Amino acid sequence: MTSGPYNYSYIFKYIIIGDMGVGKSCLLHQFTEKKFMADCPHTIGVEFGTRIIEVAGQKIKLQIWDTAGQERFRAVTRSYYRGAAGALMVYDITRRSTYNHLSSWLTDTRNLTNPSTVIFLIGNKSDLDGQRDVTYEEAKQFADENGLMFVEASAKTGQNVEEAFLETAKKIYQSIQDGRLDLNAAESGVQHKPASPGRPLAAPPASRDPCAC
Amino acid sequence: MPSSDSEDFESADEGRISPNKRERKKRLSSSNYSDNLEDQDNKTTQEPVLHKVAASVKDNIPKDGWDDFDIEEESEPTDIPQKEEIKTAPTEKAQASIAQKIDSQKSGWDDFDDWGEEKDINTKDPQLIPKSQVQNVKEIPDPQEVTKSDGWGWGWGNSLLSTATAGISNLTTQVSQGISTVLETGIGAPDPEELARISAQNNAKENNADSERRNSTETKAEPNEANQSNANEGAFPFGSLLSGVTKFVETTGTKVLAGGLDTLETIGKKTMEVLQDGDPGLAKKRAMLGLDSGDKPVLSQVLREARAKADEEDQMKEAKREAKAVHYETLFDDFEGLVHLEALEMLSKQVSIRIEERLRSADPNKRQDIKETLQQVAELCEMPDEEDEEEDEISEGTSRPDALHERLQRATRDIGLKLQFQPLIKQFTETLAWLETSDVTITEKAVYKKAVSDLAQTTALSVELYHKTAEMLLVKNRRSTADEADALTQLTVVLTKHISDLATQFTEKLTNHASEDKEQINNYITNVFLEAGNSSKYIENAFHLALPIVQIGAV
């Protein structure tokens, strides 16, 4: 484990939700490790990932909660929504059922987070276009109707993965700048961290390109 | 300096016979300062006159000064030869000779009331000064004889002598200006009596050589003023004569000046007092400088203290920076211990709310039963006071990581879950491998860093274990609360033991480390045990957070 300078200004809590097998953990792995994890075990409860990104010259630590998609963990994972600044809601474009469940996930997100939480819809497995079961237009319309941001992405190829995570961060950061997000609120999902050099980071960002978009 | 210096001192010693301090003090405090002020004012402009006056004094003394002295036969013989000397001495040495003269007279003037009048006359008409001055000198011997018995006069004789000589070597215009400021603002300058006493003592001690004497007097004044004062030697003392101040007053003035830094300090104090009016903030500065306490504010000491403080702060900063490099909490966060603990806490709270809801919605008759059940589970999850050693039945030859694995599995065999101990075992294996490397280049600090890091990682993995266990218990189909409670309790025992085992491994490594800095080694060892205690706290905290998750299975 490498340690870098503790030089980020904010910590954003993200939560990744969606049906089992849509590729939540693979998206996270692609984002943090820039690798595709072909043989991904089922997530138990919640797993974590971190990465330092940069938005408008500000270093931000993303603390990502990757929840289990299995229905049996639903009650457990509901405990983890609180205080999320960003929610990445994932479905599988090759499986219609995962898309159909979105309204349920959205309801949970709306109920368990705060109004300023940025919700980003990700249609994963865009590399499997031949097996597509949900059209882009349909999902886009759903996103627009519910005020969600939306991309189709591929955890396998890495397409749009960075964008999804970074756009969410930009939106959160904009909310802070606009004053819509109260940093002092306990459940804002954002912690302000005054830069204090010398403290190691939770993740090794030095080896990574902070912004590849 | 005049050759007659030694005589001065001899007489100074003579004169120091039981001074009547109170009376002297009273006298001094009345008119002396203001007289001196005038001296100084007149000094620069009327130097030529001063010389003339000095000359006239000299001339007058033998002529009409000693008519009244018939009574005191003793003093006359000593006086006369000295006066002859005075006549032949150059003007620069006049002051010294005057001092001699005074000394020889051993004068103790008790009738100071005259002086004020004399001064008035002087200021009105400087030309009258010589007369009155001479008159004064002439009159001196009389009271001296009279007051011999009560002694204060002797004291004065002494002080006059000593301060006159001191004045020659120490006087500067700067200091005298400072004194005039003091006088104008009405400050109580240092007690001349005290100054006189001190200078007399100095003179008495070092009455052998000129240079030595000079040194002693210079200790009270700025050393670099010595040259300047030499230049002023001739002029200043006669200024006092011109202004009509008696020699006594004049010498009192010089005495004050001879106070040197003491006097300047008083000026400083007064300045501070003046500045402080309407500026309460200055009170702090005063306190800082120790002016209020009466201690002498030694600038160098203040600076030294400030520097020491700055050094201390630098060291603290360095220590902090250093500490952050091996900061336990940071490392614990890096190993995701903190976020797992946070997640476990969220889960624990959520479950506690559900338990509360169940209690509320339960039939009132059953409510007490539920409460009792919850209490029983909580009791099951109490840490045993004494660790029974029966657990340590691991067969010989088992590697330590394997032994740990066996203990963990044995502790949790009834929990009904497949727990992942591999990360803990792997980490322990790596730690042992690292400790066994006999790399002599490893510094004690590297060992310490590794110890803290490994403790943090082990703790993070342990917390994660509780978190995962809690999550899995919540999705478990068939709960067996008693077994779960016992398993988690045993798990906690094994993990805290593992932590202390790790700490011991590292402290042994540190103890065996060849180093000169034993103190640093001891500090590291202490910190390793502290962090081990910290680790155990985190583990026990995670265990307590898991309690509601066990409890909810029973209600």
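In this text, all values refer to a predicted model and were calculated from it rather than measured experimentally. In what follows, chains carry the letters A, B, and so on, assigned in the order in which the sequence lines appear, proteins first and then strands, with residues in each chain numbered from 1.
Most heavy-atom pairs under 4.5 Å with chain A: of the set B:H340, B:K349, B:Q457, this distinction falls to B:H340. Chain A forms the most heavy-atom pairs under 4.5 Å with one residue out of B:L347, B:V339, B:L474, and that residue is B:V339. When each of A:K13, A:E47, A:R78, A:Q70 is checked for heavy-atom pairs under 4.5 Å with chain B, A:E47 comes out on top.
More than 12 heavy atoms of other shown residues, nucleotides or ligands fall within 6.0 angstrom of atom CD in A:Q177. Atom NZ of A:K156 sits in a sparse spot, with 12 or fewer heavy atoms from other residues, nucleotides or ligands closer than 6.0 Å.
Between B:A343 and A:F48, the shortest heavy-atom contact is CB-CZ, 3.7 Å. Shortest non-hydrogen contact noted between A:S79 and B:Q350 is OG-CG, 3.2 Å.
Atom-to-atom distance recorded for A:R72:CZ and B:M472:CE is 9.0 Å, nearest 0.5 angstrom. Atom OG1 of A:T50 sits about 8.5 Å away from atom CG of B:D334, to the nearest 0.5 Å. For the atom pair CD of A:Q63 and CG of B:L338, the computed distance is 8.5 Å after rounding to the nearest 0.5 Å.
Proximity to chain A is limited to the side chain of B:E464, based on heavy atoms less than 4.5 angstrom apart. Proximity to chain A is limited to the side chain of B:H467, based on heavy atoms less than 4.5 angstrom apart.
In terms of modelled atom types and a separation under 3.5 Å, the side chain of B:E471 and the main chain of A:V46 share a donor-acceptor contact.
A 4.5 Å side-chain heavy-atom check between A:W65 and B:M346 finds at least one atom pair inside the cut-off.
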